[in-house]
Trainee: 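Let me give you the structure first, and then I'll get to my questions.
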Amino acid sequence: AATHTIAEITKIVFSEGFRTFHVDAGSLASTDATGEFVQLLGDTGYELLPTRFRRFPRKERLPMNNVLRTGSQLVFGSRAERDAEYPAVKEVLAPFESTVVIPLGSRGRLVGALAMHWRKGGAPNEDMLAFMHSFAQQCGQALERAQLYEAEQAARRDAEEARARADEANRAKSEFLAAMSHELRTPLNAIGGYAELIDLGVRGPVTPEQHEDLLRIRRSQQHLLGIINDLLNFSRIDAGRIDYDYADVDLDEIFSGQQPDLYLKPDDHIIDGTNALAPFLGDSVDHGVCLCYIKSAARAASTPSRRNPS
């Protein structure tokens, strides 16, 4: 129960189990995730084990494939009997006279196979085979637990890596927003400053019409700064640190601040300031921004298309 990894399972099988059965060589295998190949999880005692026998297609005629397909054991008391049935392993198993391959099962399904070889000939007796099957059943249960444990660890690592990538993306986003804020604030502040200087008459007298235009420039500049602040607030929202300043909001004051920009045409306007609006609880800054968005949408909707003047 204390064994968790597949490497620990194979170590115990080879050191404890094989010593008990006086095994000279053997291997432990399991079907891979695709179900099309058999993968050796470990081996011991072979003089030379070619790479093609460490991972092989399930359709290839090999003892382990037969056991994994049928769920039945294979017992060969002589090398001649084994080589006649499975000539593909004749060379690699030449030093061994007898072979037993036992399925590893757990909860009614096959999870692997265990191959054992001896240099001396002769098949194990019934009692020894029963003991081997009992050992194989315990190995199968331990192997299944190890596979589940390693799958859980892999899923946890994937989740941690995904979280790390998400954190890195958030950091990159925050750095981009901070850099963008700095790059945009500087020219916007310059626009607002120059508009204020012109409005003060530094460059000469300003007519009432020019004064209204300059006010609109400054309001638009403040609106763009507000949009930048909203973009920066996205990172605060992700971190759960966004704050709202709730207070009584005077809609008349908000509308009056936006009134000069709410005209769609010189003769038409959206807001009739003669009717007082009741205050309500909210954030005046956010509602002012929302009103600007509504104004922009209304203006876009009321502008005839150049391709379809109607």
Trainee: Between S30 and Q147, do the side chains contain an N or O donor and an N or O acceptor separated by less than 3.5 Å?
Mentor: yes
Trainee: Just so I know, are the side chains of V23 and H117 near enough to count as touching, which here means a heavy-atom distance under 4.5 Å?
Mentor: no
Trainee: So, using ring pair (Phe, Tyr, Trp, His ring centres under 6.0 Å) as the criterion, who are the partners of F21 when residues are at least two apart?
Mentor: F131, F135
Trainee: M128, L104: one ILVMFWY side-chain cluster at the under-4.5 Å cut-off?
Mentor: yes
Trainee: Please determine whether the number of non-hydrogen atoms from other residues, nucleotides or ligands lying under 6.0 Å from atom CD of E91 exceeds 12.
Mentor: no
Trainee: Going by heavy atoms in the side chains, are V13 and T10 under 4.5 Å from each other?
Mentor: no
Trainee: List for me each residue that meets side-chain hydrogen bond (donor to acceptor under 3.5 Å, both in side chains) alongside D43, sequence neighbours excluded, and say none if there are none.
Mentor: R54
Trainee: I need the L114 CG to H133 NE2 distance, nearest 0.5 Å.
Mentor: 10.5 Å
Trainee: Can you find a pair of side-chain heavy atoms, one from Y149 and one from Q153, that are under 4.5 Å apart?
Mentor: yes
Trainee: Do S98 side-chain atoms and K120 backbone N/O form a donor-acceptor pair below 3.5 Å?
Mentor: yes
Trainee: Using atom types as modelled, flag every donor-acceptor pair under 3.5 Å from a side chain in residues 197-208 to any protein atom, sequence neighbours excluded.
Mentor:
| residue | atom | partner | partner atom | Å |
| --- | --- | --- | --- | --- |
| D199 | OD1 | H211 | ND1 | 2.6 |
| D199 | OD2 | H211 | ND1 | 3.2 |
| T207 | OG1 | Q210 | N | 3.1 |
| T207 | OG1 | Q210 | OE1 | 3.4 |

Trainee: Identify the heavy atoms of T31 and G35 that sit nearest to each other, and give their distance.
Mentor: CG2-CA, 3.4 Å
Trainee: The criterion is salt bridge (Lys or Arg N to Asp or Glu O under 4.0 Å); which residues satisfy it with E168, sequence neighbours excluded?
Mentor: R171
Trainee: Find out if a path of hydrophobic residues (ILVMFWY) with successive side-chain heavy-atom gaps under 4.5 Å connects L225 to Y194.
Mentor: no
Trainee: So does E36 pair up with K59, basic N to acidic O under 4.0 Å?
Mentor: no
Trainee: Can you confirm whether the side chains of T5 and E8 place a donor and an acceptor under 3.5 Å from each other?
Mentor: yes
Trainee: Residues in salt bridge (Lys or Arg N to Asp or Glu O under 4.0 Å) with E150, at least two apart?
Mentor: none
Trainee: Among residues at least two apart in sequence or on other chains, which ones pass side-chain hydrogen bond (donor to acceptor under 3.5 Å, both in side chains) with E16?
Mentor: R19
Trainee: Determine whether R165 and D167 make a side-chain contact, defined as any pair of heavy atoms from C-beta on separated by less than 4.5 Å.
Mentor: no
Trainee: CZ/R61 to CD/E85 distance, rounded to the nearest 0.5 angstrom?
Mentor: 4.5 Å
Trainee: Which residues satisfy the salt bridge (Lys or Arg N to Asp or Glu O under 4.0 Å) test with R156, sequence neighbours excluded?
Mentor: E152
Trainee: Would you mind listing every salt bridge (charged side-chain N to carboxylate O under 4.0 Å, His left out) that reaches into residues 25-35, with sequence neighbours excluded?
Mentor: D32-R55
Trainee: Hydrophobic side-chain clustering at under 4.5 Å (ILVMFWY, transitive links): who's grouped with L93? Put none if nobody.
Mentor: V38, L40, Y46, L49, F53, F56, L62, M64, V67, L68, L74, F76, Y86, V89, V92, F96, V101
Trainee: Going by the rule side-chain contact (heavy atoms from CB on, under 4.5 Å), which residues pair with P95 if we only count those two or more places apart in sequence or in a different chain?
Mentor: E47, R119
Trainee: Measure the CZ-CZ distance between R58 and R69 for me, rounded to the nearest 0.5 Å.
Mentor: 8.5 Å
Trainee: Linking Ile, Leu, Val, Met, Phe, Trp and Tyr through side-chain heavy atoms less than 4.5 Å apart, which residues share a cluster with L110?
Mentor: none
Trainee: Whether the side chain of Q221 engages the backbone of L188 through a donor-acceptor N/O pair (distance < 3.5 Å, no angle test) should be reported.
Mentor: yes
Trainee: For the residue pair V100 and P124, establish whether any side-chain heavy-atom pair is separated by less than 4.5 Å.
Mentor: yes
Trainee: Could you list all the salt bridge (charged side-chain N to carboxylate O under 4.0 Å, His left out) pairs where at least one residue sits in residues 97-108, not counting sequence neighbours?
Mentor: R79-E97, R107-E144
Trainee: Measure across A88 and R52 and return the closest heavy-atom pair with its distance rounded to 0.1 Å.
Mentor: O-NH2, 3.6 Å
Trainee: Are the side chain of W118 and the backbone N or O of H22 linked by a donor-acceptor pair below 3.5 Å?
Mentor: yes
Trainee: Supply the atom-to-atom distance L28 CG to C139 SG, rounded to the nearest 0.5 angstrom.
Mentor: 7.0 Å
